[in-house]
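Note sheet for the following structure.
Side chains included, hydrogens not; waters and symmetry mates left out as well; all remaining heavy atoms used. Every number for a ligand or one of its atoms is a count from 1 in the order of the listing. What you are looking at is a predicted structure, and each value in this text was computed from that prediction instead of being measured.
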Amino acid sequence: MAAEPEETRLREPPKIRRLDESVVNKIAAGEVVQRPASAVKELVENSLDAGSTSISVVIKDGGLKLIQVSDNGHGIRYEDLPILCERHTTSKLSTYEDLQTINSMGFRGEALASMSYVGHVSVTTITEGQLHGYRVSYRDGVMEQEPKPCAAVKGTQILVENLFYNMIARKKTLQNSNDDYSKIVDLISRFAIHHTLHGANRADVHTVASRSKLDAIRSVYGISTARSLMEITAHGDDPARSVFKMDGLISNANYTAKKTIMVLFINDRLVECTSLKRAIEVVYSATLPKASKPFIYMSIKLPSEHIDVNIHPTKREVSLLNQECIIETIQNAVESKLLSSNTIRTFNSQAINSSTSFSGNKDVQLKSFSGTKSSKTPVHKIVRTDSRDPVGRLHAYFQDKDASQNEKRPDLCAVRSAIRLRRNPKETADLSSIQELLSDIDSDVHSGLLEIVRDCTYVGMADDIFTLLQHETRLYLLNVVNVRCLVLLVFSAFLLEFKELMYQQVIRRFSHFNVIQLSDPAPLPDLLRMALKEVDVDPGDDENRETMEKIAEMNTELLKQKSEMLQEYFCIHIDQQGNLLKLPVVLDQYTPDMDRVPEFLLCLGNDVEWDEEKNCFQTIAAALGNFYAMHPPLLPNPSGDGFHFYKKDKQDDSSNQDEKHGQSNAEDNVDHQLLAEADTAWAQREWAIQHVLFPSMRLFLKPPKSMATDGTFVQVASLEKLYKIFERC
Ligand code: ADP
Ligand code: MG
């Protein structure tokens, strides 16, 4: 009886209705844009299709809040804007036959449409020769209002906000899963590797090509990965079997990882090919004794009519004509490469293995430093992160390759440590106050920030064209020409981190410093006077001068008194005549800005609390930290707004007419010598930041909890500001 209504329902079939078009579109949109990473991929591909050489990507909240992709491509015509976000509108395909020879990345004309159904899309674009650009926003495939004229830089900027605002369930899942950010990083890293040569037809210079790819891989996946790669090529030219050309880089026996990384481009399109990946994994596990998963970068070129890109709505999986033959040929090539390289392995494996470094690979990185045992790399051999062991830290870590390989040979390391200990037999561990300071640092670590710091990548130069920089939820893939400015900006916000880093380094190296020898003894009274003059607004006053003299004298006396302790524990050498002779090496390969010595000495004299041991050590370390932190050079940065500083006599122009010989070229108006000096200073700073400070920060900094609230990290978050400045560069 209870079954009756069921039966009646069965007898009457439900009516079939045509779905509302907007529902259809929304369903389709959800397929094309499955997650923020797929939106980013579509947008970057559009930018590449538009011939861009510089693309920048900004992400907020894993892409759910905001995705912004800006390029310098050909832009979008004004008259095309109304249909830009309609489904099946594309400039890349007009007949079905075109599909067979399509070489661009997109062609289905669905990406932008989809995004407008599941998010809010706005577009700013300008085409060649136009005086101004247009800005327009879209909702559900339609333009919301007439395009508004606006200022624009070359190319197109597409902003997708509040992705999946109308798909609550998906948004929640994505928010919880929290891994889109890393997916996006991964995606862009892959683009960065492959497109090192994008737009530059230099395929003939083979080694150059793979060299710059290696550089890109080094910066994205880390030195150790790049070091363990071998070039590989394969091809087929039998039309009956397969026609293709493959070149790539694959990991050798020294590489260890738990997950396969495969970066595959087919006809310059980033794709996945599961069967090829499996096939290569099989070869690796059969050939190499260690059960490591490979790293594979491959670029396969084949006639475009041999590839069916249309099997997947996101165009991610492709199918190839004669796929089996191609896979087999590649398998064979990989196998013989691995076999032939196996002999070399025994020779250099140790050096290479033990130099595994700060790879961009997040898994390894985070694990290494949280001390997880499961990590395959013998972390203790690579990096001594134990802060209680001030000997044998990563000294050679940032030195040039050869040196660092030697240094990291475990046997050599042991010998060095022993020598160091013998030279400096005092047991630091006995000083309980320094132990306390060390454990204070450890216990005050903000774990969230620690993760960010460990995870933050100065991806640096990917090649001539692209540069990748990533911090927390922010990513930039950008033009090298621009990067300098942006990097500096990002890092000026890091000043506080550097201070803290230096402080922590001083505590860790306590009484085990290497020495920076001053070329000439520097008399303390002079230095102190210099510092006091800086502080004082009116040094001309007699009374003032007298006080200044007195302070200088007193501080000199004080520091002379404390010299033994300063020398023994902090390697600050002051002789009995009151001269500064030596300073400590706080971070290897890094010398502080000597212009700041006076300020430092004044700080030592005034701010150190000498009475109580722990306080005393802490305040000295803080003074050193402040001194060694990388302050911006005194000369303004010439590559930004600071350039005006180097223009000569701007106001005097009119009065100097006669000297001008009727020609007032902007070139002549610049103080070239000063400019060159500034350029050098900033370039050196940038180098040091990239190669010394930034990597050390990732490795050593334990961010204290206060950093979460004191603005250190928030500053970096004012992305829009950075972005605006980036636009101006
Ligand atoms: P598809 O890429 O499949 O053609 P999309 O929806 O991704 O479809 O893009 C629609 C069209 O919008 C493209 O064919 C292209 O003409 C234009 N377009 C999209 N993004 C850009 C861009 N960054 N620069 C120039 N044109 C673009
Ligand atoms: Mg597209």
Side-chain angles (χ1 to χ4, degrees), residues 25-26 28-34 36-58 67-96 98-99 101-130 133-143 147 152-160 163 187-188 191 195 198-199 267-271 304 309-316 318 477-479:
N25 286 338
K26 219 166 115 183
E31 274 168 20
V32 176
V33 182
Q34 291 174 340
S38 34
V40 173
K41 177 167 186 280
E42 293 286 347
L43 293 172
V44 171
E45 286 182 342
N46 279 347
S47 294
L48 289 167
D49 277 346
S52 314
T53 54
S54 163
I55 302 169
S56 101
V57 180
V58 175
I67 298 170
Q68 183 182 58
V69 175
S70 316
D71 64 46
N72 63 353
H74 55 51
I76 303 167
R77 252 185 277 270
Y78 171 74
E79 56 271 28
D80 290 341
L81 288 173
I83 60 160
L84 180 70
C85 286
E86 269 173 36
R87 267 189 95 191
H88 310 305
T89 55
T90 176
S91 57
K92 300 164 194 173
L93 180 75
S94 52
T95 68
Y96 184 73
D98 286 351
L99 245 185
T101 51
I102 184 99
N103 265 320
S104 80
M105 317 243 175
F107 55 85
R108 298 171 66 115
E110 280 188 307
L112 286 177
S114 302
M115 283 172 225
S116 78
Y117 278 98
V118 295
H120 303 139
V121 175
S122 23
V123 176
T124 310
T125 187
I126 185 167
T127 50
E128 182 95 47
Q130 241 43 92
Y134 287 98
R135 178 170 299 144
V136 57
S137 56
Y138 298 85
R139 194 67 80 93
D140 297 339
V142 288
M143 208 160 73
V153 286
K154 182 176 189 266
T156 305
Q157 183 190 83
I158 297 193
L159 187 70
V160 182
L163 205 56
L187 178 81
I188 299 208
F191 275 120
H195 289 279
H198 188 83
N267 287 0
D268 292 325
R269 189 177 301 140
L270 177 61
V271 291
S304 40
V309 280
N310 208 13
I311 61 165
H312 196 282
T314 64
K315 300 175 250 116
R316 204 179 54 201
V318 293
L477 178 62
L478 57 150
N479 198 298

Check for me whether His74 has a heavy atom closer than 4.0 Å to any atom of ligand 1. yes
Answer with side chain, backbone, both or neither: which part of Glu45 has a heavy atom less than 4.0 angstrom from an atom of ligand 1? neither
Using heavy-atom distances only, which candidate in Ala111, Gly73, Gly75, Cys85 approaches atom 25 (C) of ligand 1 most closely? Gly75
A side-chain contact here means heavy atoms from C-beta on lying under 4.5 Å apart; do Gln68 and Gln157 qualify? yes
Whether Thr90 has an N, O or S atom under 2.8 Å from the Mg ion (ligand 2): no
Min N/O separation Leu112 to ligand 1 under 3.5 Å: yes
Compare Ile83, Thr125, Leu84, Leu81 and give the one whose heavy atom is closest to atom 17 (C) of ligand 1. Leu84
Using every non-hydrogen atom in the two residues, find where Ala39 and Val33 come nearest and quote the distance to one decimal. CB-CG1, 3.9 Å
State, yes or no, whether a side-chain contact exists between Leu112 and Asn46 at a heavy-atom distance under 4.5 Å. yes
Indicate, as side chain, backbone, both or neither, the part of Thr90 found under 4.0 angstrom from ligand 1 when only non-hydrogen atoms are considered. both
Are any non-hydrogen side-chain atoms of Ile67 and Met115 less than 4.5 angstrom apart? no
Taking the side chain as every heavy atom from C-beta outward, state whether Leu163 and Val118 have any atom pair closer than 4.5 Å. yes
Thr156 versus Thr125, side-chain donor and acceptor atoms under 3.5 Å: yes
Within 4.0 Å of some non-hydrogen atom of Ala50, the atoms of ligand 1 are 24 (N), 25 (C)
Quick one: does Tyr134's side chain get under 4.5 Å of Thr127's, heavy atoms only? no
For atom 23 (N) of ligand 1, state which one of Val123, Asp71, Asn46, Ile158 supplies the nearest heavy atom. Asp71
